[in-house]
Amino acid sequence: MSNYVDRCIQLCKDKNPGEPEFQQTVEEVLTSLKPVMEQHPEYEKAGILERLIEPERGISFRVAWVDDAGKVQVNRGYRYQFNGAIGPYKGGIRFAPNVYSGIIKFLGFEQIFKNSLTGLPIGGGKGGADFDPTGKSDGEVMRFCQAFVTELYRHIGPYTDVPAGDLGVGAREIGYMYGQYRKIVNRFEGVFTGKGLMWGGLYGRTEATGYGIVYYANAMLEANGESMKGKTVVVSGFGNVSWGTVAKATELGGKVITISGPDGYILDEAGISGEKIDFMLELRNSGKNICAPYADKFPGSKFFKGEKPWAVKADLYIPCATQNEILIDEAKKIVANGTKFLCEGSNMPCSNEAIAYMMDNGVIVGPSKAANAGGVACSTIEMSQNAGHTVFSPEQVHAQLKTIMLGIHDACEKASKDYGFGYNLVAGANIAGFLKVAKAMMDQGI
Ligand code: 2IT
């Protein structure tokens, strides 16, 4: 029966050549679904996996805009509406030079399970463009966002597909996209999340992803008789997700000693707290995508040019930069450091080989599709705030976020144990996320 899973993994490879990131996540998820397929032969009969790995809809479109020098620029935009069985498609938009269909499909596929894990009614989707915001002026970013939405607007809507931010897309970009959408459709509706607080945005959405990661990591630690208090933490990245992670880990008594950028990493043995956390926002807002200025600003910290922080010894590792930042060599360094815990922050930061190696060597791994689900969970609270024409308080949001994250941890643990994996959050997240979507697909027919 597990042949079914192997056949579908192969099918994905055959039908999506040249898209290794998408193939990677499909292989990772489907492999842990083997025992589910054994217990539920009806899923094979209904072609659930073949349907799951084929996006319901995918569009790519030309985005033409004029740069500050008056030159015409052309980028490629995407939106993959992967699975809408449990709610409107929901997922971020990524602007980065390496964006292509394989990246958006991997993110869209992951989003199905992540969104399902939140317990909220949202389907999976993702979008983006091969646009590099680094070094672009405000005017250029605005014109790009307007051109992007002039095409995308006809495919989205509050009950159809609700985009949000991701790498390269923050409050500024959401503002420009929302402004253009509103002008075209002449409706004020909750079609994007991560909006400004004065115009429908949710108090608490900005920090939601990072806070949620730390709630999840802490639940992992507590399930194993430990806690964040006194833990040394290595974090990568310095953007929105890293910022929220550093802030909450510090608040819970952890000591974060690294952040990183494409230029290298910062080691600050005194711990990144207080004004140092605020400075991360300045680094992000500089638009230069470098973390080196941290070392000039805070004496005692050190900048390691062109290096990643994985050789630094810590109790807990939280990669928050981008996909595939931990391959087998990095995994070996992390294991050699004698750590027991790694919680993924960014989407798919570890290769399948790296995860297997770490788990085989006793590291407890928290998977990103569970750990970083706090962002999209709060996006969904933003949708409900907009639909109810109301405003929620930060206290309401933070309390709900914490409950959701602890619920996700428990759902992962239970699903893993139910299907014979023991305490394996990676398998548990895939199974718990899958079961709800599969049931909805079965109910709704072919
Ligand atoms: O990866 C993600 O979950 C996001 N970029 C956020 C998605 C959302 O709709 O808030």
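Because only heavy atoms are used, hydrogens play no part in the values below, and waters and symmetry mates are left out as well, while side chains stay in. Both counts, for ligands and for their atoms, begin at 1 and track the order of listing.
For Gly165, a nitrogen or oxygen atom sits less than 3.5 Å from a nitrogen or oxygen atom of ligand 1, counting backbone and side chain alike. In terms of polar-atom proximity, Asn372 is not counted as a contact of ligand 1, lacking any N or O under 3.5 Å from an N or O of the ligand.
Each of the atoms 8 (C), 9 (O), 10 (O) of ligand 1 lies under 4.0 Å from some heavy atom of Ala164. Which parts of ligand 1 touch Lys126 is read off a 4.0 Å heavy-atom cut-off, strictly below it: atoms 1 (O), 2 (C), 4 (C), 5 (N). Taking every non-hydrogen atom of Gln111 and a distance limit under 4.0 Å, the qualifying atoms of ligand 1 come out as 1 (O), 2 (C), 3 (O), 7 (C). The ligand atoms of ligand 1 that sit less than 4.0 angstrom from a heavy atom of Asn347 are 1 (O).
The protein heavy atom nearest to atom 7 (C) of ligand 1 is Gly92 N, 3.6 Å. With respect to atom 2 (C) of ligand 1, the closest heavy atom belonging to the protein is Lys114 NZ, 3.3 Å. Remark: minimum distance from atom 6 (C) of ligand 1 to any protein heavy atom is reached at Arg205 NH2, 3.6 Å. Counting protein heavy atoms only, atom 9 (O) of ligand 1 is closest to Lys90 NZ, 2.6 Å. Ser379 OG, 2.5 Å is the protein heavy atom nearest to atom 10 (O) of ligand 1.
Proximity of Lys369 to ligand 1, defined as any heavy-atom pair under 4.0 Å, is not found for any part of the residue. By the criterion of a heavy-atom distance under 4.0 Å, neither the backbone nor the side chain of Leu107 is placed next to ligand 1.
The closest side-chain donor-acceptor pair between Gln73 and Asp67 falls under 3.5 angstrom. Ser351 and Gln24 are not linked by any side-chain donor-acceptor pair at a separation below 3.5 angstrom, with hydrogens and angles left out of the test. Donor-acceptor pairing under 3.5 Å is recorded for the side chains of Tyr100 and Glu21.
Under a 4.0 Å heavy-atom criterion, Glu110 is not in contact with ligand 1.
When the shell of 6.0 Å around NZ of Lys136 is examined, it contains more than 12 heavy atoms from other residues, nucleotides or ligands. Surrounding NZ of Lys436 are more than 12 heavy atoms belonging to other residues, nucleotides or ligands, all under 6.0 Å away.
Judged by a 6.0 Å distance limit and a 45° cone about the ring axis, Arg284 is positioned over the six-membered ring of Phe238.
A side chain to side chain contact (heavy atoms under 4.5 Å, CB included) with Tyr317 is found for exactly one of Val235, Leu342, Thr258, namely Leu342.
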Intermediate values then yes/no, side chain to side chain contact (heavy atoms under 4.5 Å, CB included), Asn424 and Tyr419:
CA-CA 10 Å; Asn424 175 340; Tyr419 283 89; over 6 Å; no

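Note: Tyr215 and Tyr211 have perpendicular aromatic rings, judged against thresholds of 30 and 60 degrees for the angle between ring planes.
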